Amino acid sequence: MPWVIRDVVNDINKAVARRWQGLDPLLPEPSDLSEGCMAPLLALGDNGRPAGLGVCRHQSVSADTLAQTWGTATKFVLSVRLRGPDVQAAVDSLLTQWRDHLDKQPDAKDDDTSAIVNWPARDITGVLALLRHGLQPMTVIAVRPARRPTASPASPASPASPASPASPASPASPASPAAGTGNTSKKSRASKQPGLVIRPAGPADLDRVAELEMGVVRYDANFGGSIPRPATEALVRAETQAALAKRPGWTWLAEQGGQPVALTVVEPPTAATWVASMTRPGATAYLQTMYVRPGDRSTGVGAALVRHVHSELDARGINLTLLHYSQVNPLSAPFWHRMGYRPLWSTWEARPAITLR
Ligand SMILES: CC(C)(COP(=O)(O)OP(=O)(O)OC[C@H]1O[C@@H](n2cnc3c(N)ncnc32)[C@H](O)[C@@H]1OP(=O)(O)O)[C@@H](O)C(=O)NCCC(=O)NCCS
């Protein structure tokens, strides 16, 4: 990057750092902007000074990775840095320039492409510009700060080691205030799960875990969150096998009568580095998978499993847990909010990329 542009980037990044901290204390320091496919797009303010810039990157996602199941095969990602306070005009200018750039990319017309902008969820200025340019809010990165025992007397802070044995769960008592009000109808629904057992999964559980993992892929496909591919099932199985072998104690099964009914998989901080930079520094885990079989939903199984996992994560010193959910998944957003998560980033997409306007 030429030094003049480098100065502009540094200057804007300083302003963005202050702005992001004012918006949301869990946003990270803005990272340095690496090289894009061309010189950064620049938006000038009324005073003629740079008000924002955007760097476009073209990503081709390999068919032999699961990343192609969780998004389009080709991605055009615009990283934006906006000085504020009102960023609407700057976003509008950057997106107009970006659309002109994408118009010239022959592969942006392909079906399996997307134009993507990651946006701080609490930055409400500029949202109208994103909508006006045809972007849709597809997914949310949500965050949960650890609950230390003193912070929430109602949470079950039962420290458990990664090798903790199976434990009987008590979904009937909404242990976390976020999980339910404890009224009679909820208690009777929960009593359908008296024999729920939660235990860490191991290599011998490969079939059970891989099948539940595929349940999430199929469910999320309804919202475009996942795009099942010919290789998806084999890749899910291979990654599950590797994770169960490499990271014992980070996958949990809930069972009823010996049958698996729900699954939670977490990436420990060592594996979650790819997403950890989306929040403040600290021990950050990524909750990769949450799935309850259709016939067992809405009875408190999911809440019981997640409460168990949270108590383990808290005991292991995890500061922040991140996860993705599809914006229009009618089950996941309310569930995660009850379980203590809130939006940190939203991902806006136009599919195919050429539909950015
Ligand atoms: C999202 C999901 C994991 C939630 O699991 P769940 O077991 O249905 O969740 P819970 O039963 O704990 O909570 C859901 C409902 O039960 C109620 N509930 C929660 N705790 C309860 C308790 N102790 N007693 C009685 N009811 C309870 C909740 O109020 C909620 O009510 P609702 O059905 O009216 O919304 C599950 O719906 C699912 O697997 N969905 C498909 C896959 C998916 O979306 N995964 C997440 C991807 S990010």
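Values below: all heavy atoms of this structure, side chains included; hydrogens, waters and symmetry mates excluded. Counting starts at 1 for both ligands and their atoms, following the listed order. As the structure is a computational prediction, the values presented were derived from the model and not from experiment.
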Show the atoms of ligand 1 that are less than 4.0 angstrom away from any heavy atom in [X].
{"X": "Tyr325", "result": "48 (S)"}
{"X": "Tyr291", "result": "39 (O), 42 (C)"}
{"X": "Trp336", "result": "48 (S)"}
{"X": "Asn329", "result": "43 (C), 44 (O)"}

If you measure from each non-hydrogen atom of Leu323 to ligand 1, which part falls under 4.0 Å: side chain, backbone, both or neither? neither
Min heavy-atom dist His324 to ligand 1 below 4.0 Å: yes
So is there a nitrogen or oxygen of [X] less than 3.5 Å from a nitrogen or oxygen in ligand 1?
{"X": "Val292", "result": "yes"}
{"X": "Tyr219", "result": "no"}
{"X": "Asp220", "result": "no"}
{"X": "Ala303", "result": "yes"}
{"X": "Thr299", "result": "yes"}
{"X": "Val216", "result": "no"}

Sidechain N-carboxylate O distance under 4.0 Å for Asp296, Arg293: no
Salt bridge (charged side-chain N to carboxylate O under 4.0 Å, His left out) assessment of Asp112 paired with Arg229: CA-CA 11 Å; Asp112 205 354; Arg229 312 277 181 180; 2.6 Å; yes
Filtering Pro330, Gly225, Gly302 for the heavy atom nearest atom 7 (O) of ligand 1 leaves Gly302
I want to check something: taking the side chain as every heavy atom from C-beta on, are [X] and [Y] in contact at a cut-off of under 4.5 Å?
{"X": "Arg83", "Y": "Arg49", "result": "yes"}
{"X": "Leu235", "Y": "Thr65", "result": "no"}
{"X": "Trp336", "Y": "Arg342", "result": "no"}

Is NZ or CZ of Arg218 both nearer than 6.0 Å to the six-membered ring centre of Tyr291 and within 45° of the ring axis? no
Below 30° counts as parallel, above 60° as perpendicular, anything between as tilted: where do the rings of Trp274 and Tyr286 land?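 Rings of Trp274 and Tyr286: perpendicular, as their planes differ by over 60°.
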Phe76 CZ to Thr74 OG1 distance, which is reported to the nearest 0.5 Å: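 Going from the CZ atom of Phe76 to the OG1 atom of Thr74 covers 6.0 Å.
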Among Val236, Ile227, Thr232, find the residue that satisfies the side chain to side chain contact (heavy atoms under 4.5 Å, CB included) test when tested with Thr69.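 Exactly one option meets the side chain to side chain contact (heavy atoms under 4.5 Å, CB included) with Thr69, and it is Thr232.
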